[in-house]
Amino acid sequence: MLDVNYVRENFDLVREKLATRNFDVALLEPFAQLDSERRALVRERDDLNATTNRVSKEIGNLMREGKRDEAEALKAQSKQASERAKEIEARLGGIEEDLRTVLTRVPNLPHESVPAGKDEAANTEARRWGMPRDFAAEGFEPKDHVDIATALGILDLERATKITGARFNVLSGLGAKLERALINFMLDLHTGEHGYREILPPLMVNEATLFGTGQLPKFEEDLFKVRFERDYYLIPTAEVPVTNLHRDEILNGADLPLSYTAYTPCFRSEAGSYGRDTRGLIRQHQFDKVELVKITKPEESFEALETLTGNAEKVLQLLGLHYRVVTLSTGDMGFSAAKTYDIEVWLPSQNTFREISSCSNCTDFQARRAQIRFKREGKNKTELAHTLNGSGLAVGRTWLAIIENYQQADGSVKVPEVLVPYVGVTEIR
RNA sequence: GGAGACAUGGCCGAGUGGCUUAAGGCGGCGGUUUGCUAAACCGUUGUAGGGUGUAAAGCCUUACCGAAGGUUCGAAUCCUUCUGUCUCCGCCA
């Protein structure tokens, strides 16, 4: 959510910036009217409440002095004020609801360093690490992960479809162990080398939590809703529960930045992507992810984004997987982000890079929704913190990237060296 | 699933309709005293909105005692619903 005062005072600039995000700026049209009406009504209501308070107090004093008749005479005056205040309160409620409807659906403002453009074509490549493996030189044609893993008996898509449906998968044997190895490897790296604290959060969250990180109210169709006494949703990413750890809190400035990492399964309905990535593990309704979250002071957040992205890249470097980092354009970024780097891993079967991590600085956008604030030492003012998150990494996609990039001519898969202690074997055959 | 108790500020805790602007204590912050520390004493203390102010400060004002409604001239206090916590019983990994 954007700052109301900022929107009021910089309306044209806000409009202009939002237009670069493919946001329909016509939706902002009612803002000025609603905002000024709200303030007028608040003022009127508060004045009436002040009258009610003053007269009621007077009534109390008169009663105590035994002047019953005088007290009775004042009641009408007080009653009238409080009734009018209630009427205005009702109107105000409607206005605030409308204003909220507008503001909660407006995306974050892009940072000035973000390339302007309407879609992924405007993304810019920030850097590239490693080289694609030269299969031609090795004299064989790389297969895709479905063929390799199915043949090895470590991936079973057919049975997953039977027991659940499309876009689910069963890993078995060393396939399951490789997944678990990756999770442990990533968590050990981030907690041991990068200074993150490990969190194991709930996988179902309430509406307020999803509002805090920006999934609700606008993107409900992307989520799995659970039937229960009240609405719960399966988390689409650990960013949701972990960022919300500090919802409605005022943190001590000296404790910032906070760095958390969490492994969780993630659940996404993938509404609107029915034809896309239907083969294999790329796009699943349930997948594992190790997430990185940082809560920082405002002046530190963009540097923290570089650090966080670097922490995610380190995983790929240690695994020896070729990748590139892309700065998303204004039109390609997610709702809450002010700046996003996607990390894309090389997939030989597709002869291209595919997203394996998305690292975003959400500035104060989520913090305002979730009321994550802090106080600087010796200061009385509360300030909104900045929140960041990034995959470190998407485990399922890392799994398939390893299968494809480490495949051998005989159909076996070499285990990357850093994973050998975790998997217990040097190759999967 | 059944029975009962409870929810007050950073923490403990008083407050059963108006003299509450939420007592008192602890903690925090500032100060006095002191060779230093401690103790003692004095002062101070939350969040959000609106108004005023060139800005900071300040000043005026509203709301907030788990949440949402209601009764009343007036609600922390009474009523309704919800949420959460605790205790006991049952069930359960």
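Order of the sequence lines fixes the chain letters, A, B, ..., with proteins taken first and strands second; residue numbering starts at 1 for each chain. Every value quoted in this text rests on a predicted model; they were computed, and no experiment measured them.
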Candidate nucleotides B:U21, B:U62, B:C73, ranked by approach to the side chain of A:S82 - the nearest: B:C73

Geometric cation-pi criterion A:K17 and A:F23, 6.0 Å radius, 45° cone: no

hbond_proxy A:D46 side chain to B:G49 base (donor-acceptor, 3.5 Å cutoff): yes

Axial cation check for A:F211 ring with A:R369, 6.0 Å and 45° limits: yes

Residue matched to B:C41 through Watson-Crick or wobble contacts both under 3.5 angstrom: B:G31

Nucleotide B:C64, atom P - distance to CG of A:N53 in whole Å: 9 Å

Given RNA chain B, 5'-ward residue of the pair A:R45 and A:K86, judged by closest heavy atom: A:R45

Sugar-phosphate only, base, or nothing, as touched by A:R64 at under 4.0 Å among non-hydrogen atoms: base

Euclidean distance, atom CG of residue A:L99 to atom C1' of B:G49 [Å, nearest integer]: 13 Å

Spacing of A:D248 atom CG relative to B:G84 atom P, expressed in whole Å: 16 Å

Atom-pair distance (CG on A:D47; P on B:C60), nearest Å: 15 Å

Spacing between A:K57 atom NZ and B:A75 atom P, to the nearest angstrom: 13 Å

Nucleotide opposite B:C92 in a Watson-Crick or G-U pair, distances under 3.5 Å: none

Nucleotide paired to B:C78 in any strand shown, Watson-Crick or G-U, under 3.5 Å: B:G70

Spacing of the C1' atoms in B:C65 and B:A75 (rounded, Å): 11 Å

Presence of A:T382 side-chain N/O under 4.0 Å of B:A48 phosphate oxygens OP1/OP2: yes

Whole-Å P distance, B:A76 and B:A22: 11 Å

Any strand: nucleotide that pairs with B:U16 via Watson-Crick or wobble, under 3.5 Å: none

Phosphate OP1/OP2 of B:U83 contacted by A:N206 side-chain N/O (<4.0 Å): no

Residue-phosphate contact under 4.0 Å: A:R230 side-chain N/O, B:U83 OP1/OP2: yes

Pairing residues for A:F335 by the ring pair (Phe, Tyr, Trp, His ring centres under 6.0 Å) criterion, not counting sequence neighbours: A:F219, A:F365

A:E303 atom CD: more than 12 heavy-atom contacts under 6.0 Å: no

Short side-chain N/O contact from A:R39 to OP1 or OP2 of B:G49, under 4.0 Å: no

Phosphate OP1/OP2 of B:C73 contacted by A:T52 side-chain N/O (<4.0 Å): no

Any-strand Watson-Crick or G-U partner of B:U85, both distances under 3.5 Å: B:A5

B:U54 pairs with, by Watson-Crick or G-U criteria that keep both distances under 3.5 Å: none

A:N49 side chain near B:U61 phosphate (N/O to OP1/OP2, under 4.0 Å): no

B:A63 pairs with, by Watson-Crick or G-U criteria that keep both distances under 3.5 Å: B:U47

Value in whole Å for how far the C1' atom of B:C73 lies from CD of A:E70: 15 Å

Whichever of A:K381 and A:I250 has its nearest RNA chain B nucleotide further upstream toward 5': A:I250

Sugar-phosphate, base or nothing in reach of A:R38, heavy atoms under 4.0 Å: sugar-phosphate

B:G69 versus B:C6 - spacing of their P atoms, nearest Å: 25 Å

CA sep, side-chain torsions, deciding dist, call: A:E112, A:K339, salt bridge (charged side-chain N to carboxylate O under 4.0 Å, His left out): CA-CA 9 Å; A:E112 57 199 7; A:K339 182 172 187 175; over 6 Å; no

Who pairs with B:U21 - Watson-Crick or G-U, where each distance is under 3.5 Å: none

Cationic N near anionic O, under 4.0 Å, A:E220 to A:K225: yes

Nucleotide nearest A:I59 when distance is taken to its side chain, options B:G50, B:A48, B:G18: B:G18

B:G70 to B:G13 separation - C1' atoms, rounded to the nearest Å: 30 Å

Whole-Å distance separating the CD atom of A:E383 from the C1' atom of B:U47: 15 Å

Phosphate OP1/OP2 of B:C73 contacted by A:K79 side-chain N/O (<4.0 Å): yes

Nearest-angstrom distance from the residue atom CG of A:N61 to C1' of B:U20: 13 Å

